[in-house]
Amino acid sequence: MSDAFCSDCKRATEVVFDHSAGDAVCSECGLVLESHSIDETSEWRTFANESGDNDPVRVGGPSNPLLTDGGLSTVIAKPNGASGDFLSSSLGRWQNRGSNPDRGLILAFKTIGTMAERLGLVPTIKDRANEIYKRVEDQKSSRGRNQDALLAACLYIACRQEDKPRTVKEICSIANGATKKEIGRAKEYIVKQLGLENGGQSVEMGTIHAGDFMRRFCSNLGMNHQAVKAAQESVQKSEEFDIRRSPISIAAAVIYIITQLSDDKKPLKDISVATGVAEGTIRNSYKDLYPHVSKIIPNWYAKEEDLKNLCSP
């Protein structure tokens, strides 16, 4: 039971739900406050062939507009009962022999889903990667290419287009053995194919900013809230200067500076592991940032005396 306002009692009263009729009834005066309500809870009924199967699911997955039949085709399951074994097994064999035009797409979408899950990506990015792969596959020109690199590149482009970029090293870590070079080549190939599809127009990839990586890198290092906030502000201010380094390198260098100004100093090696940027690259980026450090680091985080104590590059 729960409380609701009753118009007859002129106050909040306890409400009794009659699930068979779908009515919500006032427990004091009997007034029907709501009728024919829909029960949105799960229906835990099972229609399995065997009583030992506890799977309560009685519906399939959602439709997929990227597949020929919308992903709603019927699959004949393996026999698990005493009767009808011969008939079910024969139908299953005949179905497997039949050609499914979407079999390759289904496997590719499953692999992309696994990669996205390992990176903790939202479903919209996974769906965008599926769409990119479908567009490339429709051109029938990807035969003979490294499939894992192609799928990983689709995921990389999808992250860029959804403004949730990931580094190539992060993508490489879930690419089932595909190298950075292979993923890079696959990305160039996909961009070229999508450009041809659009009549020679360039594909919008989205702009990468150092701030896109900052919160994730700081989380990997276990930095406190104040340090994360200072790092994000510093990265935004660094964009005002002509620092010709990649956004990922700038993010790593800013993190190095912020940690050196705090009590919880992080070794350069740990920052390199957390960001995927080589130690030498972080040092060189630090050299480029050092002349502007007084204007980049927020005043509330470090005083001018603290900035003078920073190691000169």
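Using a 4.5 Å cut-off on side-chain heavy atoms (C-beta onward), Val15 and Cys26 make no contact. The shortest distance between side-chain heavy atoms of Glu233 and Trp300 falls below 4.5 Å. Within the 4.5 Å cutoff, the side chain of Ile157 has no heavy atoms near those of the Arg160 side chain. Using a 4.5 Å heavy-atom threshold, the side chains of Val277 and Ser272 count as separate. The shortest distance between side-chain heavy atoms of His209 and Pro247 does not fall below 4.5 Å. When side chains are defined from C-beta on, Thr259 does not count as touching Asp264, because their heavy atoms never get closer than 4.5 Å. The shortest side-chain heavy-atom distance between Asp212 and Asp163 does not fall under the 4.5 Å cut-off. Put simply, the side chain of Cys159 reaches to within 4.5 Å of the side chain of Leu121, judged on heavy atoms.
When atom types are taken as modelled, the side chain of Glu137 and the backbone of Leu105 share no donor-acceptor pair closer than 3.5 angstrom. Panel note: side chain Ser27, backbone Glu14; a donor-acceptor pair is recorded below 3.5 Å. Asn224 contributes a side-chain N or O that, together with a main-chain N or O of Gln226, makes up a donor-acceptor pair within less than 3.5 Å. In this structure, the side chain of Thr275 engages the main chain of Ile271 through a donor-acceptor pair within 3.5 Å. Between the side chain of Lys169 and the main chain of Gly276, a donor-acceptor pair closer than 3.5 Å is present. In this structure, Gln260 contributes its side chain and Ile257 its backbone to no donor-acceptor pair below 3.5 Å. Not one N or O on the side chain of Asp288 forms a donor-acceptor pair closer than 3.5 Å with the backbone of Ser285.
Tracing side-chain contacts under 4.5 Å through hydrophobic residues (I, L, V, M, F, W, Y), one never reaches Val16 starting from Phe5; they form parts of separate clusters. Under the 4.5 Å side-chain heavy-atom criterion for ILVMFWY residues, a single connected hydrophobic cluster contains both Phe241 and Tyr256. Following chains of ILVMFWY side-chain contacts shorter than 4.5 Å, one cannot reach Leu119 starting from Val273, and the two form parts of different hydrophobic clusters.
Counting non-hydrogen atoms of neighbouring residues, nucleotides and ligands closer than 6.0 angstrom, the NZ atom of Lys164 reaches no more than 12 such neighbours. The neighbour count for Lys269 NZ, taken as heavy atoms of other residues, nucleotides or ligands under 6.0 Å away, does not exceed 12. Environment of CD in Glu239: crowded, with over 12 heavy atoms of neighbouring residues, nucleotides or ligands closer than 6.0 Å.
Taking each heavy atom of Ser238 and Leu289 in turn, the nearest pair found is CB-CD2, 4.3 Å. Heavy atoms only, all atoms of each residue included: Met214 and Ala231 are closest at SD-CB, 3.7 Å. Nearest heavy-atom pair across Pro165 and Arg216 is O-NH2, 3.5 Å. When all heavy atoms are compared, the tightest approach of Leu307 to Ala302 is CD2-CB, 4.2 Å. The two residues Ala153 and Ile190 have their closest heavy-atom pair at CB-CD1, 3.7 Å. Minimum heavy-atom separation, Pro298 to Lys237: CA-NZ, 3.9 Å.
The existence of a salt bridge linking Arg244 and Asp242 is confirmed by a sub-4.0 Å separation between a basic side-chain nitrogen and an acidic carboxylate oxygen. Salt-bridge formation is detected for the pair Arg283/Glu279: a Lys NZ or Arg NE/NH1/NH2 atom is positioned less than 4.0 Å from an Asp or Glu carboxylate oxygen. Between Lys126 and Glu131, none of the side-chain N atoms (NZ, or NE/NH1/NH2) sits under 4.0 Å from a carboxylate O, so this pair counts as no salt bridge.
Side-chain contact check for Glu117 and Thr114: no donor-acceptor pair (N or O, by modelled atom type) lies under 3.5 Å. Between the side chains of Tyr133 and Gln147, at least one donor N or O lies within less than 3.5 Å of an accepting N or O.
Note that CG of Leu151 and CD1 of Ile171 are 11.5 Å apart. Values are rounded to the nearest 0.5 Å. To the nearest 0.5 Å, atoms CD1 (Ile208) and CD1 (Ile248) are separated by 6.0 Å. Here CG of Asp127 is found 10.0 Å from CD1 of Ile112. Values are rounded to the nearest 0.5 Å. Taken from SG in Cys154 to NZ in Lys134, the straight-line distance is 13.0 Å, to the nearest 0.5 Å.
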Please report the C-alpha distance between Leu31 and Val25 in whole Å, then the side-chain angles of each, then the deciding distance to 0.1 Å, and finally whether the side-chain contact (heavy atoms from CB on, under 4.5 Å) criterion is met.
CA-CA 6 Å; Leu31 177 68; Val25 184; over 6 Å; no

side-chain contact (heavy atoms from CB on, under 4.5 Å), that's the test. Do Cys6 and Leu33 meet it? Break it down for me.
CA-CA 7 Å; Cys6 178; Leu33 303 178; 4.3 Å; yes

Using the rule given for side-chain contact (heavy atoms from CB on, under 4.5 Å), can you reason through Thr111 versus Asn176, listing the C-alpha separation, both sets of side-chain angles and the distance that settles it, and then say yes or no?
CA-CA 10 Å; Thr111 303; Asn176 300 327; 3.9 Å; yes

Do Glu28 and Arg11 pass the side-chain contact (heavy atoms from CB on, under 4.5 Å) test, and can you show the C-alpha distance, the side-chain angles, and the key distance before you say yes or no?
CA-CA 11 Å; Glu28 296 193 10; Arg11 60 187 177 87; 2.4 Å; yes

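The aromatic rings of Phe217 and Phe213 lie parallel to each other, with less than 30° between the two planes, well short of the 60° mark.
For the side chain to side chain contact (heavy atoms under 4.5 Å, CB included) criterion with Val235, the lone passing option out of Val254, Ile296, Ile258 is Val254. For the side chain to side chain contact (heavy atoms under 4.5 Å, CB included) with Arg185, the qualifying choice from Lys181, Lys187, Glu182 is Lys181, the only one to do so.
For Arg145 and Tyr189, the positive end sits near the middle of the six-membered ring, less than 6.0 Å away and at most 45° from its axis.
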